[in-house]
Chemist: 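Got a structure for you, written out below as structure tokens; questions coming shortly.
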Amino acid sequence: NLITGAGGVFNVGTGTTILTNPNSDMLQSTVGANNGTLILNAAGFPSQMLVNATGVLRVATDNYSSFLTNVSINSNNADTGALELSNGVTNPFAGQAVNFAGRNNATTGIRSTNGSNTLPGSVVLNTGGSEYRIEAAAGGTFNVTANIAGNGTLAAGARNLTFAGAGAGTMSGAISD
């Protein structure tokens, strides 16, 4: 179905919602997952992508670049939601930074599934817990070319940036505090 106008599209239940219409005009909209999975597969041009609570937001195309102003993963350190890249994406956010809040659990916050996917640009580590986990799922490759850095206001103490998973992963961006 065609989706137009400002507002938001969120998956709030435990199921899966797939948005596939490339002609949707969501220029001032927010898309996100609070629970369950929301799959973006050629659907419009949202201004924000949010992952909250236990939701999964899967980006399965590179069509989300022109108007995107915010990509955020969890704002609460107890959350376990994830941003997933899928289907061979190479530049899903056109240089927009991915804001990644720390967690107090060892769950994955950024994951590559299904094919060879690339995360360029930057990942900004935000306040929360001390755990930041990036995963390459089995059967795929995750090329992290993004620079990863703290936001400048992280509290003193240990921060753990973990690269995990049964897939192949490469990291060519800089990592800094």
Side-chain angles (χ1 to χ4, degrees), residues 1-3 7-24 26-27 29-76 79-101 103 105-124 132-146 148 162-170:
N1 291 334
L2 186 64
I3 300 172
V9 176
F10 285 84
N11 195 80
V12 295
T14 58
T16 298
T17 302
I18 304 171
L19 302 179
T20 59
N21 192 326
N23 298 316
S24 292
M26 300 167 30
L27 292 178
S29 297
T30 300
V31 295
N34 291 347
N35 291 298
T37 301
L38 177 61
I39 300 173
L40 301 178
N41 191 3
F45 299 99
S47 61
Q48 295 188 78
M49 293 184 180
L50 306 176
V51 177
N52 296 308
T54 61
V56 173
L57 179 61
R58 183 175 303 151
V59 178
T61 184
D62 284 325
N63 292 340
Y64 303 103
S65 55
S66 300
F67 303 100
L68 194 60
T69 62
N70 182 27
V71 179
S72 294
I73 306 166
N74 299 38
S75 58
N76 181 319
D79 288 347
T80 60
L83 174 67
E84 291 185 345
L85 302 182
S86 180
N87 295 6
V89 297
T90 58
N91 192 14
F93 312 122
Q96 177 63 41
V98 174
N99 296 294
F100 186 8
R103 301 159 178 227
N105 55 68
T107 59
T108 298
I110 301 173
R111 178 182 303 117
S112 173
T113 65
N114 191 26
S116 178
N117 299 293
T118 301
L119 178 61
S122 62
V123 175
V124 179
Y132 303 86
R133 186 177 172 101
I134 299 173
E135 177 184 350
T141 301
F142 197 8
N143 303 301
V144 180
T145 61
I148 300 174
T162 304
F163 295 89
T170 63

Chemist: As an exercise, state the distance from CD1 of Ile134 to CD1 of Ile148, rounded to the nearest 0.5 Å.
Modeler: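 It is 4.0 Å, given to the nearest 0.5 Å.
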Chemist: With side chains defined as the heavy atoms from C-beta onward, is the minimum distance between Phe93 and Leu85 less than 4.5 Å?
Modeler: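 The answer is yes; the side chains approach within 4.5 Å.
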Chemist: Would you mind reporting whether Val144 and Ile110 have side-chain heavy atoms less than 4.5 Å apart?
Modeler: no
Chemist: Identify the heavy atoms of Thr69 and Gln48 that sit nearest to each other, and give their distance.
Modeler: OG1-CG, 4.2 Å
Chemist: What heavy-atom pair brings Ala166 and Ala138 nearest, and what distance separates the two atoms?
Modeler: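 Here Ala166 and Ala138 meet closest at CB-CB, 3.8 Å.
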Chemist: For Asn117 and Val89, indicate whether the former's side chain and the latter's backbone hold a donor-acceptor pair under 3.5 Å.
Modeler: yes
Chemist: Closer than 3.5 angstrom, by distance alone: can the side chain of Asn41 be matched with the main-chain N or O of Leu19 as a donor-acceptor pair?
Modeler: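 It does not hold such a pair.
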Chemist: Could you name each residue pair satisfying salt bridge (charged side-chain N to carboxylate O under 4.0 Å, His left out) that touches residues 106-120, not counting sequence neighbours?
Modeler: Glu84-Arg111, Arg111-Glu135
Chemist: Could you tell me which non-hydrogen atom of Ala136 sits nearest to which non-hydrogen atom of Phe142, and how far apart they are?
Modeler: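 Heavy atoms of Ala136 and Phe142 come nearest at CB-CB, 3.7 Å.
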Chemist: Look at the side chain of Asp62 and the backbone N and O of Asn91, then say whether any donor-acceptor pair between them is shorter than 3.5 Å.
Modeler: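 Looks like yes, one N/O pair under 3.5 Å.
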Chemist: Rounded to the nearest 0.5 Å, what separates atom CG in Asn74 from atom CG in Asn52?
Modeler: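 Asn74 CG to Asn52 CG: 6.5 Å, rounded to 0.5 Å.
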Chemist: Kindly indicate whether the side chain of Ile73, heavy atoms from C-beta on, has any atom under 4.5 Å from the side chain of Arg103.
Modeler: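 They are in side-chain contact.
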Chemist: Just by distance, no angles: are the side chains of Asn35 and Thr14 close enough, under 3.5 Å, to form a donor-acceptor pair?
Modeler: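 Note: Asn35 and Thr14 side chains miss the donor-acceptor criterion.
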Chemist: What closest approach, in Å, do Thr145 and Pro120 show between heavy atoms, and which atom pair accounts for it?
Modeler: OG1-CA, 3.2 Å
Chemist: Under the side chain to side chain contact (heavy atoms under 4.5 Å, CB included) test, which residues partner Asn143, sequence neighbours left out?
Modeler: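 Per chain and number, Asn143 pairs via side chain to side chain contact (heavy atoms under 4.5 Å, CB included) with Ser116, Thr118, Thr141, Thr170.
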Chemist: Distance from Asn114 atom CG to Arg58 atom CZ, nearest 0.5 Å?
Modeler: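 Here the interatomic distance stands at 8.0 Å.
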Chemist: Just how far is it from atom CG of Asn70 to atom CG of Leu50, taken to the nearest 0.5 Å?
Modeler: 6.0 Å
Chemist: Would you find a donor on one side and an acceptor on the other, under 3.5 Å apart, between the side chain of Asn105 and the backbone of Thr107?
Modeler: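 Such a contact is found between Asn105 side chain and Thr107 backbone.
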